[in-house]
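Notes follow the structure.
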Amino acid sequence: MTDTIKAPFGAGSHLHLIDGSAYIFRAYHALPPLTRKSDGLPVGAVAGFCAMLQRYVENNTGPEAASHIAVIFDKGSITFRNGIYPEYKAHRPPLPEDLRPQFPLTRAATAAFNIVYKEIEGFEADDIIATLARQAAEAGGRVTVISSDKDLMQLVGPQVVMFDPMKNKVIDAEGVVEKFGVGPQRVVDVQALAGDSVDNVPGAPGIGIKTAAQLINEYGDLETLLASAAQIKQPKRRETLLNFADQIRISQRLVQLDNHVPLDFDLDDLTLRAPDADTLLAFLTQMEFRTMSKRVADRMGVDAPMIAAAVTKAAAPKADAPAPIAPPTAPIDHSGYVTITTAEVLAQWIAAIRQQGFVAFDTETTSLDEMQAELVGISLATQPGVAAYIPVGHLSQGGDDLFADNSLASGQLPLNDVLAALRPVLEDPSVLKIGQNIKYDVKIMARHGITLAPVDDTMLLSYALNAGLHNHGMDDLSELYLNHRPIPIKDLIGSGKSMVTFDHVPIDKAATYAAEDADVTLRLWHHFKPQLHTARVTTVYETLERPLIPVLARMEMAGVQVDRDTLARMSNAFAQKMVQLEEEIHASAGRSFNVGSPKQLGEILFDEMGLPGGTKGKNGAWGTGADVLEDLATEHALPGLVLDWRQLSKLKSTYTDALQDHINPDTGRVHTSYSIAGAITGRLASTDPNLQNIPVRTEEGRRIRGAFVAPAGKVLVSLDYSQIELRILAEVAGIEALKDAFRQGIDIHAATASEMFNVPLEDMTSEIRRQAKAINFGVIYGISAFGLARNLRIPRDRAQAFIDRYFERFPGIRAYMDETVAYAKEHGHVRTMFGRRINTPEINAKGPTAGFARRAAINAPIQGTAADIIRRAMIRMEPAIADLPAKMLLQVHDELLFEVEAPAADKLIDVARDIMENASAPAVHLGLKLVVEAGKGHSWAEAH
DNA sequence: TACTTCACG
DNA sequence: GACGTACGTGAAGTAC
């Protein structure tokens, strides 16, 4: 075990100082969130930390080898620097929830390697390192500081160098000059001027490292510079230096390391010791690191322990005992929840939120429709298990008393007081508001005049990470990742006919439920946020998900005007026609039945009438889909009549009737809601009502678009991408023939047909073009002979021949498909051109599911890239059209619909088209230009 | 609640 | 050799 030999430190000695905290963070972020198999203890950072120590130990040979060594850790987060400047390191992102419990384990790991570790309350690791480096240099020895932290560069000198383990590079005085433009002695001066956003060192506004180095080199040092500030020629710099002199001096004190920290040990105590095989292996075994145990045993020439058997036997390492660790699956405790009913307590919570810089936020309301919902309460969570509920709109529990039912329950702060108190934090750009589907809360707060920003959304974090794996509702996420089933809302408001609104829920019950929601949200955030980086979806989240929240909130609140009279007239006309058709259908069938019942229809068509070609599905029911009825229409009059009836029934029930019910009584407009995390490919989905499937393909249906109108003096403008998915296919698959056709602006389906069937463009028939069009779309969907055959109603071998010909004429398609599937099989996901990750968990399945997964994997990057592009366009659109009297109202996958004052319509088209056509730049350069077509008119029918 | 059908891109 | 397929959605209606 620990040998007690001490070597005196002196000339010829070489002290290595490892920045332990930096090692931990690097290890944490470099590795996926590993857990110990036996009990789920998070150990990813410990594993990485051990691997780095092991690598260090193996490489510690040769002339630069250490004679003395220590690993230095930070202890606590409050240091003497907070006394100088309370905001120091105040904007640090919070520690990931699964990292803190690993801290004691990294100390234990260091001890297991038989390396001394040190940490001192109130001082940063950097200060201890500075003190030891000074002592070692004074004793005549040499020092290597192992860290990538530029704050330590001020220590470099004749006897002291740094070693950057990330870049595997030694940094001497020359390296410091390279980084800071000045020598080590003046690093502090430059840092004082330039500041540091990570540590929240203020510095001098507008002065970066370059300018700072130039000034210091010119004036010699910081004090001389500040003393001579008045003589500086550039007015802006002069003013800055004069106005911010105090702040610069404070910054200098913050970055200046303290090299006189009182130590209760000396350099001799840091004598290098060889690791003890038993101790080290016991620790690695306890952590259940199989591979590393084997490797270490191998290097040390001993037998590797059996992990399973050794777990119970392994002695605890001689070191600080690891603190008791709550497993990540610990049940959620409600005892830390409070109900806020006084202004004083509310003020305390607000102060705590400010100090912390983030808070989980949730609203409880009377409706799922944000445009009608009334605020009933607000919940906040600052730490896991620490949450509050602020009731503001609960009704008194009337029981039989009819009068009590409409009065507010007592013991609630007035809504306006609560909002006035919260507004500053809710709008504070330095306080992050974390929500689950926070677009909902953004809209609720917007209706109360509060702009909730900035925000994070756990639903979108999960979406960026886990699209394709599962849904992203809070209850699902909580069960999956917290192993906790939140209180079901049903328990409070009931369900079905007896369901009540949230304002009828007693405050005490509501408080637990609501506080738990905020608590769960905060825990999910701690869980997901650190994963963005390792999953390489940070950019996706930050550029395609998060910024879309306020954009969609505003579109949804704007709504679109729908003419009720037009719809009502259409409903009546449809109803009359349907009654007529129904009579004819019954006559034709020979008896009366429910035309809307596929089951009854199938029985009549195939059992009673004995029509040919019927097939039963897997549930034993006759198929009566439109394609079946179309084929049957040549045999009998009935199927055609049913098709006509169905079209009208669909239009009436789904559109002309339902849309009227969705007109908001206050605004007179229809407000859809977009799910950002609904479709796995990155597309949006529109609900309540769905405005992305308003009819357009038939004349009859298109009339419904005529009911979407602009108010007097305004027009609707529609812009849509032309063939965006085919263009993306041509781009990602590198199909030159297709790209050329797009560049020449010729009809892409005709061009495809010409190439495939050797028909000159001028002789093209609509039938040949139709077939080529079907194949083009088929390719985007992951073509199969069966699917194409069914779509074109041709024999399967003919369809196969078409596909073979297509692959032959457009080489690149095959390769794209094969490569995409291979990538999915290897990685378990595919990506769009912008890095959006779409997981493909079924890609290695056997049987029919394999086919589905294959085609979905082929389609996802194409559909998803198109979705990313229009998202980028939407995010840039608002600032671009801010000066125009225009509003963006709707998105329909490749189309944006705007409402604009009539005289500005053409200007809007110019601006919006430019944004849309260039939306991929600069992140992705497309070799093909995107083309956007535009239209305007009084109604959507005219604009499209 | 599951299934079928059909509206859109 | 058979399986059972075009990709992605949401809503309404019937049947259980």
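Below, chain A is the first sequence line, B the second, and so on; all start at residue 1.
- No contact: A:A621 has no heavy atom under 4.0 Å from any strand.
- In the set B:dC3, B:dT5, C:dA6, B:dC3 carries the atom at the smallest distance from any side-chain atom of A:N619.
- Counting heavy atoms from C-beta on, the side chains of A:L548 and A:I875 come closer than 4.5 Å.
- Remark: B:dA2 base-pairs with C:dT14; criterion is Watson-Crick or G-U wobble with both hydrogen-bond distances under 3.5 Å.
- Atoms CD1 (A:I803) and C1' (C:dT5) sit 12 Å apart, rounded to a whole Å.
- In this structure, B:dG9 forms a base pair with C:dC7, meeting either the Watson-Crick or the G-U wobble geometry with both donor-acceptor distances under 3.5 Å.
- Donor-acceptor pairing under 3.5 Å is recorded for the side chains of A:S571 and A:T656.
- Counting to the nearest Å, the P atom of B:dG9 and the CG atom of A:L896 are 14 Å from each other.
- B:dC3 atom C1' lies 16 Å from atom CG of A:L601, rounded to whole Å.
- In this structure, A:R646 reaches the B:dC6 phosphate: one of its side-chain N or O atoms is under 4.0 Å from OP1 or OP2.
- Residue A:I862 is classed as having no contact, given no heavy-atom separation below 4.0 Å to the nucleic acid.
- Under the 3.5 Å distance criterion, the side-chain polar atoms of A:Y674 are matched with a main-chain donor or acceptor of A:Q891.
- With a 6.0 Å cutoff to the six-membered ring centre and a 45° limit on the axis angle, A:R855 counts as a cation-pi contact of A:F852.
- At most 12 non-hydrogen atoms from other residues, nucleotides or ligands lie less than 6.0 angstrom from CZ of A:R485.
- Looking only at side-chain heavy atoms (C-beta outward), A:I604 and A:L638 come within less than 4.5 Å of each other.
- Spacing between atom CG of A:D627 and atom P of C:dT5 amounts to 12 Å, rounded to whole angstrom units.
- Between A:F757 and A:F802, the angle of the ring planes goes over 60°, which puts this pair in the perpendicular group of the 30/60° scheme.
- Taking atom CD on A:Q863 and atom C1' on B:dC8, their separation rounds to 12 Å, with Å as the unit.
- Distances were taken from every side-chain heavy atom of A:Y655 (C-beta onward) to each of B:dA7, C:dA6, B:dC8; the shortest belongs to B:dA7.
- Between C:dG4 and B:dA7, the distance separating the two C1' atoms is 25 Å to the nearest Å.
- At a cut-off of 3.5 Å, with distance as the only test, a side-chain donor of A:E895 or A:H944 sits close to an acceptor on the other residue.
- When each of A:Q863, A:R836, A:R683 is checked for a side-chain hydrogen bond (donor to acceptor under 3.5 Å, both in side chains) with A:D868, only A:R836 meets the rule.
- Of all the heavy atoms in A:N437 and A:M459, the pair that sits closest is OD1-CE, 3.6 Å.
- Atom CZ of A:R854 has 12 or fewer heavy atoms from other residues, nucleotides or ligands within 6.0 Å.
- No contact: A:I780 has no heavy atom under 4.0 Å from any strand.
- Atom CD in A:E725 sits roughly 13 Å away from atom C1' in B:dC8 (whole-Å rounding).
- In this structure, A:F708 places its CZ atom 12 Å from C1' of B:dC8, rounding to the nearest Å.
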- prompt: In B/S/- notation, 5' to 3', how is nucleotides 11-16 of chain C contacted by protein heavy atoms closer than 4.0 Å?
  reply: BSSSSS

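- Between A:K618 and A:T681, the residue anchored closer to the 5' end of DNA chain C is A:K618, taking for each the nucleotide with the nearest heavy atom.
- Close to B:dC8, at under 4.0 Å from its OP1 or OP2, lies a side-chain N or O of A:R697.
- For A:I704 and B:dC8, the CD1 to P distance is 9 Å, given to the nearest whole Å.
- Within the 4.0 angstrom heavy-atom criterion, base atoms lie near A:R796.
- The side chain of A:Y781 approaches C:dC7 more closely than any other nucleotide in the set B:dA7, C:dC7, C:dG8.
- Here C:dT5 is the nucleotide among B:dG9, C:dT5, C:dA6 with the atom lying nearest to any side-chain atom of A:F786.
- Closest to the side chain of A:R683, from the set C:dG8, B:dT4, B:dA7, is C:dG8.
- At a non-hydrogen distance threshold of 4.0 Å, nothing from residues 835-856 of chain A comes into contact with DNA chain B.
- Within the nucleic acid shown, A:L684 has no heavy atom closer than 4.0 Å to any nucleic acid atom.
- Here the separation of B:dC6 from C:dC3, taken at their C1' atoms, is 27 Å to the nearest Å.
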